[in-house]
2 protein chains.
Amino acid sequence: MLKLTKKADYGLMALKYLAEHPETPALSAKDIADAYGIPAQLLAKILQRLTKTGLLRSHAGMNGGYALSRDAREISAFEVIHSIDGPLFITSCTKGAKGCDLTPSCTIKEPLARVNETIAGVLKSISIYDLADRDPAKAAEAGSSIGQRLVTLTL
Amino acid sequence: MLKLTKKADYGLMALKYLAEHPETPALSAKDIADAYGIPAQLLAKILQRLTKTGLLRSHAGMNGGYALSRDAREISAFEVIHSIDGPLFITSCTKGAKGCDLTPSCTIKEPLARVNETIAGVLKSISIYDLADRDPAKAAEAGSSIGQRLVTLTL
DNA sequence: TGAATCTCCGACAGTTTTGGTCGTATACTA
DNA sequence: TAGTATACGACCAAAACTGTCGGAGATTCA
């Protein structure tokens with residue numbers, strides 16, 4: 001459990017793919033879908049949502065497609081997941097107007113909310129650039145890369 | 001998304017409740033369910049699973065019920081969630097024998113696996129004791145309490 | 001102009017996961 | 001032996017997730 005949806009996975013994969021091809025002006029949903037063997041129409045819908053939230057820029061017509069709207073370093077995994085799967089709450093009772101229906105019940109939520117923020121923080125600290133396919137040896141040596149990064153968080 | 005199930009929530013609530021009543025030898029599923037207004041039979045099933053994984057000790061018969069098998073400080077939120085919801089994978093493709101079906105597709109999984117470990121680490125660092133209802137003022141001053149804890153993790 | 005390519009968008013069906021119930025068997029106490 | 005409580009499996013309903021279909025609008029190129 002506590003896993004993210006396939007849609008979010010696909011979204012991350014697509015953005016990663018775009019980050020790896022900065023030279024091309026735009027890639028169609030089908031191009032990316034074919035590269036990973038995922039359903040093209042489904043990916044299209046995901047990319048559309050990412051466009052609506054401003055992470056991608058779309059261009060209709062021939063030779064159209066999608067491109068990152070910012071540098072890959074400036075797009076966090078958190079933004080992608082949030083765009084696709086919606087707000088990220090670890091507590092199952094989404095704190096609406098009044099919190100839980102059962103008034104005094106969710107005394108757990110308070111501490112878990114901090115966990116939630118921590119996880120969000122971790123996700124925010126990872127950019128699409130970090131996911132992109134640089135070869136592992138290089139990734140290991142690079143200071144800014146994953147694998148060397150130290151996260152310090154107050155819980 | 002990325003939220004834990006109600007069952008896991010219920011489980012945490014129940015353990016928290018037990019941690020808050022260390023004087024009583026055992027509490028029945030119904031007692032706890034009533035306290036929080038959650039379905040008794042469902043909670044019973046959850047507690048049974050927690051018993052099977054060794055987090056609780058059960059006692060049938062009159063004045064029976066459930067009790068923590070260890071000190072609340074020794075039970076992590078991670079154990080509870082893992083017992084109820086199963087293995088905790090952020091990647092939607094549960095890495096079975098060969099990983100994804102789409103062979104080269106999940107180059108994302110590798111970095112995300114680290115995120116996964118980080119989250120697990122955070123969850124492991126929180127005990128049922130931390131969730132238990134000590135009054136907020138005290139909790140704020142206590143050194144061992146949540147709110148003051150520093151988590152340092154390599155990503 | 002018109003054809004081809006591609007994004008855009010809503011609706012909808014199939015499947016899986018969750019949440020919750022029911023019934024019964026079993027264990028323990030008084 | 002009556003009453004209370006766990007143990008366990010089958011079952012059902014509701015929700016979420018995944019994926020598909022069909023059509024409308026934009027853009028480019030011939």
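Lettering of chains follows the sequences in order, A, B, ..., and the numbering in each one begins at 1.
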The residue, B:Gly64 or A:Gly61, whose nearest nucleotide of DNA chain D is more 5′ is B:Gly64

B:Lys7 has its side chain closest, among D:dC17, C:dG19, D:dT20, to C:dG19

Looking only at D:dG3, C:dT7, C:dA4, the nucleotide nearest the A:Ser28 side chain is C:dT7

Which of A:Leu123, A:Asp9, A:Thr5 passes side-chain contact (heavy atoms from CB on, under 4.5 Å) with A:Ile81? It is A:Leu123

Scanning both residues in full, the closest heavy-atom pair of B:Ala72 with B:Ala19 reads CB-CB, 3.8 Å

Rounded to whole Å, NZ of A:Lys30 lies from C1' of C:dA4 at a distance of 15 Å

B:Tyr36 OH to C:dG20 C1', in whole Å, measures 20 Å

- Message: Is the phosphate of D:dA5 approached by B:Tyr66 (side-chain N or O, under 4.0 Å from OP1 or OP2)?
- Response: no

Does the side chain of A:Tyr10 get closer than 4.0 angstrom to OP1 or OP2 of D:dT18 through an N or O atom? no

Whole-Å distance, B:Arg49 CZ to D:dT6 P, equals 17 Å

The residue among A:Val80, A:Ile126, A:Ile84 that forms side-chain contact (heavy atoms from CB on, under 4.5 Å) with A:Leu12 is A:Val80

Result for 5'-nearest mapping on DNA chain D, choosing between B:Lys52 and A:Gln41, is B:Lys52

With the side chain defined as heavy atoms from C-beta on, A:Lys45 is closest, among C:dG20, D:dG19, C:dT29, to D:dG19

From CG of B:Asp31 across to P of D:dA5 the rounded distance in Å is 7 Å

Regarding the side chain of A:Ala60, the nearest nucleotide among D:dT28, D:dA26, C:dC8 is D:dA26

Separation of D:dT27 atom P from A:Arg57 atom CZ, nearest Å, is 15 Å

Closest to the side chain of A:His59, out of D:dG19, C:dT29, D:dT27, is D:dT27

>> Heavy atoms only, 4.0 Å cut-off, all strands: where does A:Ala29 land among base, sugar-phosphate and nothing?
In response: sugar-phosphate

Winner on side-chain proximity to B:Ser58, out of C:dG20, D:dA7, C:dT7, is D:dA7

Taken to the nearest whole Å, CG/A:Leu27 to P/C:dC6 is 11 Å

Closest to the side chain of B:Met62, out of D:dT20, D:dC29, C:dT29, is C:dT29

Checking A:Tyr36, A:Tyr66, A:Tyr10 against A:Tyr17 for ring-ring contact (aromatic ring centres under 6.0 Å, His included), the one that qualifies is A:Tyr36

Rounded to whole Å, the CG-C1' distance (B:Leu47 to D:dC8) equals 14 Å

Smallest heavy-atom separation, B:Ala14 atom then B:Leu47 atom, equals CB-CD2, 3.8 Å

From CG of A:Leu4 across to C1' of D:dA16 the rounded distance in Å is 15 Å

